[in-house]
Amino acid sequence: MEQDRAVRTPMGRAAADGSPAHPSDGSRPAALTALRERLAVAPVERGVGTAATALSPGRVRLEVPLRPDLVGADGTVNAAVLTTTADCAIGMSVHSSVPGSRGGPTVELRLDHVGPVGAGARTLIVDGSVVHSDTRTGAGRAVLTDDTGVLVAHAVGTMAVDPLREGVPALGDAAAPGGGEAFDPVGLAALAGADPDGDPAELRMTVRGSMSNLRGKVHGGVLMGFAHVAQDRFQAAHGVAVRRVSCTVDYLRPVPLDAGELVCRSEFVRRGRRFWTVRTTVSRSDGKPVALAAGTGVLLAP
Ligand SMILES: CC(C)(COP(=O)(O)OP(=O)(O)OC[C@H]1O[C@@H](n2cnc3c(N)ncnc32)[C@H](O)[C@@H]1OP(=O)(O)O)[C@@H](O)C(=O)NCCC(=O)NCCSC(=O)Cc1ccccc1
């Protein structure tokens with residue numbers, strides 16, 4: 001049986017043939033410039049305002065200016081900002097650690113919500129680092145702080161590493177997907193339509209080009225953000241204030257940009273005196289599930 005090869009050598013030494021720098025070529029200064037250029041045209045990262053400020057093999061730093069509309073009155077950062085930057089940072093840290101990586105999708109992502117930003121915070125800082133990678137898979141983490149040093153969230157994730165094939169474009173070489181529209185993290189909740197019959201367990205949303213990742217599929221962070229919206233509404237319909245603690249998503253199938261409508265269906269897994277856990281299945285219009293999300297919150301009042 002073929003053995004997976006653990007990646008011991010950091011990728012990105014200068015190419016002997018002098019070929020142009022590439023975002024996955026993490027040790028070359030020009031690789032950071034290449035990554036910045038890619039994120040500047042990626043619909044989700046452009047809409048959120050995500051910029052890469054540091055890149056080395058297995059490590060990336062992303063920064064997001066905290067515009068007033070991205071921070072709630074209680075200081076919590078918009079959930080889609082947290083989910084998309086965590087997914088991106090973990091993906092970039094894993095793939096920059098795999099020599100010649102073609103990239104690969106998120107298999108699982110868990111985000112722990114810690115709390116609001118500090119007084120006067122102006123920037124969200126997302127530090128991604130690889131934990132392990134080999135030629136098939138990689139795990140990474142992201143620590144999300146603000147520029148006053150306050151921890152806002154923490155994430156861990158598993159990425160698939162697509163098989164390396166000679167002559168196949170590597171991570172980030174494809175043209176910018178998704179057309180010209182940028183993703184609006186604040187508007188995500190408004191895109192999600194309630195069930196016409198008033199069932200709080202069901203929520204629908206039509207896929208748009210602005211939700212694209214660098215691979216031309218719906219961004220893992222957007223799917224997680226959609227599940228947050230569904231779970232917030234489901235819990236609100238049960239009349240109790242809940243503070244979100246964590247969300248874990250298993251990504252079962254890629255969602256193409258022409259997928260049409262996605263449907264979220266939520267149910268309680270735990271409805272305890274202190275904690276509620278809601279499982280949300282995100283399905284395509286043909287009924288096939290694309291993601292399973294489990295969100296846990298702590299009740300704020302009895
Ligand atoms: C690949 C794997 C994770 C595992 O696969 P396996 O265990 O080997 O399972 P299997 O091969 O059986 O496939 C299962 C089903 O999947 C389908 N399918 C598979 N591959 C393809 C394909 N290439 N194209 C089309 N379909 C494909 C396949 O036909 C089957 O469907 P079916 O039963 O026929 O209807 C798969 O579950 C998957 O793609 N999940 C979704 C991942 C995802 O969308 N993550 C979030 C976005 S990533 C992101 O944004 C990160 C980022 C952001 C920013 C910056 C940087 C990074």
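Positions are given from 1 along the sequence. FYI, side chains are in, hydrogens and waters are out, and symmetry mates aren't considered; it's all heavy atoms of this structure.
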Correct closest heavy-atom pair for G138 and V161 would be N-CG2, 4.2 Å

Taking everything shown except R59 itself, do over 12 heavy atoms lie less than 6.0 Å from its CZ? no

Taking the ring centre of each residue, are H219 and F183 less than 6.0 Å apart? no

Is R215 salt-bridged to D162, going by a charged N under 4.0 Å from an acidic O? yes

Give the C-alpha distance, both sets of side-chain angles, the deciding distance and a yes or no for side chain to side chain contact (heavy atoms under 4.5 Å, CB included) between R110 and V156. CA-CA 5 Å; R110 173 188 168 110; V156 290; 4.0 Å; yes

Could you walk me through whether V107 and T137 pass the side chain to side chain contact (heavy atoms under 4.5 Å, CB included) test, one step at a time? CA-CA 9 Å; V107 182; T137 184; 5.7 Å; no

So do M224 and C247 actually touch side chain to side chain, heavy atoms under 4.5 Å? yes

Shortest non-hydrogen contact from V207 toward A259: CG2-CB, 4.3 Å

Can T85 and T50 be counted as having a side-chain donor-acceptor contact under 3.5 angstrom? no

L151, V126: one ILVMFWY side-chain cluster at the under-4.5 Å cut-off? no

How far does CZ of R204 sit from OG of S285, to the nearest 0.5 angstrom? 9.5 Å

Sub-3.5 Å donor-acceptor pair from the side chain of T280 to the main-chain atoms of A227, do we have one? no

If only atom types and distance count, is the side chain of T76 paired as donor or acceptor with the main-chain N or O of G72 below 3.5 Å? no

Which residues share a side-chain hydrogen bond (donor to acceptor under 3.5 Å, both in side chains) with N78, sequence neighbours left out: none

Going hydrophobic residue to hydrophobic residue with side-chain gaps under 4.5 angstrom, can you get from V186 over to V77? yes

Taking atom CZ of R274 and atom CG of L300, what is their separation to the nearest 0.5 Å? 14.0 Å

Answer yes when R136 and D134 have at least one side-chain N-carboxylate O distance shorter than 4.0 Å, and no when they do not. no

Counting C-beta onward and ignoring hydrogens, is there a side-chain heavy-atom pair between L66 and V117 closer than 4.5 Å? yes

Nearest-0.5 Å distance, CG of residue L62 to CG of residue L39: 6.5 Å

Taking S101 for the side chain and G103 for the main chain, is one N or O donor matched with an acceptor at less than 3.5 Å? yes

In the structure I gave you, are the side-chain heavy atoms of L257 and V218 within less than 4.5 Å of one another anywhere? yes

Gap separating the CG atom of L109 from the OG1 atom of T83, nearest 0.5 angstrom: 8.0 Å

With T277 as reference, evaluate R270, Q231, R271 under the side chain to side chain donor-acceptor pair (under 3.5 Å) test and give the passing residue. R270

Atom CG of D184 and atom CG of L191: how far apart are they, to the nearest 0.5 Å? 7.5 Å

Judged by atom type as modelled, is there a donor-acceptor pair below 3.5 Å linking the side chain of D146 to the main-chain atoms of G118? yes

Distance-minimising heavy-atom pair for I90 and G157: CD1-N, 3.6 Å

Less than 4.0 angstrom from a charged side-chain N to a carboxylate O is my criterion; do K288 and D286 meet it? no

Taking it one step at a time, do I125 and D147 satisfy side chain to side chain contact (heavy atoms under 4.5 Å, CB included)? CA-CA 7 Å; I125 299 168; D147 58 332; 4.2 Å; yes

Can you tell me how far the CE atom of M159 sits from the OG1 atom of T106, to the nearest 0.5 Å? 3.5 Å

Atom of S93, atom of V60 and distance for their closest heavy-atom approach: N-CG1, 4.2 Å

In terms of the angle between their ring planes, are F268 and H238 parallel, tilted or perpendicular, with boundaries placed at 30° and 60°? perpendicular

Heavy atoms, side chains only, cut-off 4.5 Å: are L82 and H113 in contact? yes

Is there a path of hydrophobic side-chain contacts, each under 4.5 Å between heavy atoms of I/L/V/M/F/W/Y residues, joining V143 to V114? yes

Please answer: with hydrophobic residues joined when any side-chain heavy atoms are less than 4.5 Å apart, are V64 and V71 in the same cluster? yes

Does A52 offer a backbone N or O that forms a donor-acceptor pair with the side chain of R36 under 3.5 Å? yes

Within the structure provided, determine whether T135 and V98 are in side-chain contact (heavy-atom separation under 4.5 Å). no

Start with the C-alpha gap between F226 and L203, add the side-chain angles, then the distance that decides, and say whether side chain to side chain contact (heavy atoms under 4.5 Å, CB included) holds. CA-CA 9 Å; F226 182 35; L203 201 67; 4.0 Å; yes

Is the shortest side-chain heavy-atom distance between K217 and P105 below 4.5 Å? no

Can any side-chain N or O of Y251 pair as donor or acceptor with the backbone N or O of G220 at less than 3.5 Å? yes

Using only atom types and a distance under 3.5 Å, with no angle test, would you say the side chain of D232 pairs donor to acceptor with the backbone of Q235? no

Indicate, with yes or no, if L299 and V245 share a hydrophobic cluster defined by side-chain heavy-atom contacts under 4.5 Å among Ile, Leu, Val, Met, Phe, Trp and Tyr. no

Backbone N or O of G209 within a donor-acceptor pair of the S212 side chain at under 3.5 Å? no

Please give me the minimum heavy-atom distance between S97 and S133, naming the atom from each residue. OG-OG, 2.7 Å

Give a yes or no answer on whether the side chain of R233 reaches the backbone of A189 with a donor-acceptor pair at less than 3.5 Å. yes

Salt-bridge contact E267-R265 (side-chain N to carboxylate O under 4.0 Å): no

Any non-hydrogen side-chain atom of W276 less than 4.5 Å from a side-chain atom of T296? no

T53 and E63: side-chain donor and acceptor closer than 3.5 Å? yes

May I ask you to test the D112-S246 pair for a side-chain heavy-atom distance under 4.5 Å? yes

Is it true that atom CZ of R67 has more than 12 heavy atoms of other residues, nucleotides or ligands lying nearer than 6.0 Å? yes

In this structure, are over 12 heavy atoms from other groups packed under 6.0 Å from R279 atom CZ? no

For A86 and A155 the tightest heavy-atom approach is CB-CB, 3.7 Å

